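Comments concern the structure below.
Computed from a predicted structure; not experimentally measured.
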Amino acid sequence: MNMATMKTLMANLAVLLLLPLAATAFAETSGNVPRSAGMDDMKSIEYHYQLNPANTLDASGKITPEFLRRMPFILWKNTPSYKQGFYIDTQDRFLKQHNKVLRVRFDLAKPKKSKITLKSRSSDLDKLDMMGSDPKGEIDSFSGQDQYSFSVDTPIPNKGFDLDTMTPEDVLAFLKANDTRFYGLTRALREHAKVSRLIRTPVATMAIFKGFSSEGPYKGMEVELQVWTIKDGTQPFLAEIGFDGDVANRPSLDAQDVWLSLQLKAHGLLAADAGASKTELTFGGAD
């Protein structure tokens, strides 16, 4: 057996040894005992529909007249705000294997809301990691299909960091210096990075437009359009329309969701691939 083969076998063995420890390591907190997630932990809900991103934005970054004509039931404020960010994982997608996402996102309009987020998400509550005693439980309803998540955030200042050159190691160093609890939750990722290197996606820009329904039984309902492009790119790769609210109000929110769904279908606005993940789409260009 040559040296290269031996190194490969040792790396694979290390991965197998780490996997059983990952759930425990991700749940590492300051003495908190992990417990199972339940529906009572879900506090907010977001409804999402993916649209065909073609011809959504013009060269100036505003919604195109063509798109506005195709959505007469929404009155848009055609002045966007912007967020930019990227995702982190290992080359063999360790976080994905454990139903997790690590994201850095800068809010260009409200810099104090810029943050690093670790999210555990799954369509199965039993597969969620609560990551502590006070996580943010949320339901994402994608075209009628529920996905659950918990997230832990920590603020990061826009100044002093360049998203284009920021490395995964820079992010972990920031967490170590500024949020030891959050840093502890990345232990399994850091251990796994010894056998599969850390990677990050290209910077993606999200243009956010606010709008209101202009007709029907829910006239005045606030909605949001998000259009994603790779930074400095010209062609959007994903567009979503949606709205949010409290889980306690779900019956009335579900009724609004049915109305919006019918409108989107009637006007032929839904994307052919309605299940595309922006995380996975951006990882297509990861380095």
Side-chain angles (χ1 to χ4, degrees), residues 1-34 85-106 114-122 124 126-133 135 149-157 160-204 277-287:
M1 182 181 298
N2 59 37
M3 185 60 68
T5 302
M6 178 65 75
K7 288 182 177 179
T8 300
L9 289 174
M10 292 299 291
N12 289 338
L13 178 60
V15 171
L16 291 173
L17 291 172
L18 282 170
L19 285 173
L21 300 175
T24 301
F26 273 124
E28 177 184 313
T29 60
S30 56
N32 292 317
V33 178
F86 59 84
Y87 296 93
I88 294 171
D89 205 337
T90 59
Q91 194 167 34
D92 62 359
R93 303 300 306 279
F94 180 73
L95 291 178
K96 180 183 178 182
Q97 294 174 45
H98 292 88
N99 303 306
K100 287 188 170 62
V101 170
L102 180 58
R103 181 185 69 207
V104 179
R105 181 173 288 172
F106 282 5
S114 298
K115 58 190 176 182
I116 304 172
T117 300
L118 179 64
K119 181 176 288 191
S120 171
R121 63 184 184 187
S122 176
D124 184 348
D126 292 334
K127 292 183 179 180
L128 286 181
D129 178 358
M130 295 188 69
M131 301 184 294
S133 60
S149 68
F150 290 110
S151 61
V152 175
D153 301 318
T154 195
I156 182 171
F161 293 99
D162 184 344
L163 284 176
D164 292 323
T165 60
M166 196 175 189
T167 67
E169 290 77 12
D170 291 336
V171 175
L172 292 173
F174 175 84
L175 291 173
K176 184 177 182 180
N178 294 276
D179 193 329
T180 55
R181 176 176 175 269
F182 196 138
Y183 183 70
L185 292 170
T186 67
R187 187 184 68 165
L189 173 66
R190 289 181 278 116
E191 288 295 320
H192 191 78
K194 296 175 182 178
V195 295
S196 181
R197 72 180 180 90
L198 292 167
I199 60 173
R200 49 152 287 180
T201 65
V203 175
S277 162
K278 51 181 169 285
T279 309
E280 294 308 305
L281 288 172
T282 51
F283 262 109
D287 54 31

Discussion item. Assess, by modelled atom type and distance only, whether the side chains of Ser120 and Asn99 contain a donor and an acceptor separated by less than 3.5 Å.
Written reply: no

Fill in: Rounded distance (nearest 0.5 Å) linking atom CG of Leu175 with atom OG1 of Thr186
6.0 Å

Item to complete: To the nearest 0.5 Å, tell me how far Phe106 CZ sits from Leu163 CG.
Response: 4.5 Å

Practice prompt. Could you pull out the closest heavy-atom pair between Phe150 and Met130, with the gap in Å?
Written response: CE1-CG, 3.6 Å

Fill in: Any donor-acceptor pair under 3.5 Å from Thr201 side chain to Tyr87 backbone
yes

Discussion item. Can you tell whether the side chains of Lys100 and Asp129 come within less than 4.0 Å, N to carboxylate O?
Written reply: yes

Worksheet entry | Closest contact, heavy atoms only, Asp153 versus Asp179 | O-OD2, 4.4 Å

Practice prompt. To the nearest 0.5 Å, tell me how far Leu172 CG sits from Phe182 CZ.
Written response: 9.5 Å

Worksheet item: Any donor and acceptor pair, going by atom type alone, linking the side chain of Arg190 with main-chain N or O of Tyr183 inside 3.5 Å?
Response: yes

Practice prompt. Test side chain to side chain contact (heavy atoms under 4.5 Å, CB included) on Val101 and Thr117 and set out the steps.
Written response: CA-CA 8 Å; Val101 170; Thr117 300; over 6 Å; no

Discussion item. So, taking the atom named CD1 in Ile88 and the one named CD1 in Ile199, what distance separates them when rounded to the nearest 0.5 Å?
Written reply: 10.0 Å

Item to complete: Drop me the distance from Gln91's CD to His192's NE2, to the nearest 0.5 angstrom.
Response: 10.0 Å

Worksheet item: Are the side chain of Gln97 and the backbone N or O of Asp92 linked by a donor-acceptor pair below 3.5 Å?
Response: yes

Item to complete: Indicate the atoms forming the closest heavy-atom contact of Thr165 with Asp170, along with that distance.
Response: O-OD2, 4.1 Å

Discussion item. With side chain to side chain contact (heavy atoms under 4.5 Å, CB included) as the criterion, how do Asn178 and Thr154 come out once you've worked through the C-alpha distance, each side chain's angles and the decisive distance to 0.1 Å?
Written reply: CA-CA 9 Å; Asn178 294 276; Thr154 195; 5.7 Å; no

Item to complete: Evaluate the criterion side chain to side chain contact (heavy atoms under 4.5 Å, CB included) for residue pair Lys96 and Phe283; output intermediate values, then yes/no.
Response: CA-CA 11 Å; Lys96 180 183 178 182; Phe283 262 109; over 6 Å; no

Fill in: Heavy-atom closest pair, residues Thr282 and Ala204
CG2-CB, 4.2 Å

Fill in: Distance-only donor-acceptor check, side chains Asp124 and Ser122, under 3.5 Å
no

Item to complete: Check whether more than 12 heavy atoms from other residues, nucleotides or ligands sit under 6.0 Å from atom NZ of Lys115, and answer yes or no.
Response: no

Item to complete: Evaluate the side-chain proximity of Met166 to Phe86: yes if any heavy-atom separation is below 4.5 Å, no if none is.
Response: yes

Worksheet item: Which distance, rounded to the nearest 0.5 Å, do you find between the CZ of Arg181 and the CE of Met131?
Response: 8.5 Å

Discussion item. Could you check whether any side-chain N or O of Asp89 sits under 3.5 Å from a backbone N or O of Phe94, counting only pairs where one atom can act as donor and the other as acceptor?
Written reply: yes

Discussion item. Set out, in order, the CA-CA distance, both residues' side-chain angles and the distance that settles side-chain hydrogen bond (donor to acceptor under 3.5 Å, both in side chains) for Thr279 and Arg121, then state yes or no.
Written reply: CA-CA 12 Å; Thr279 309; Arg121 63 184 184 187; 3.2 Å; yes

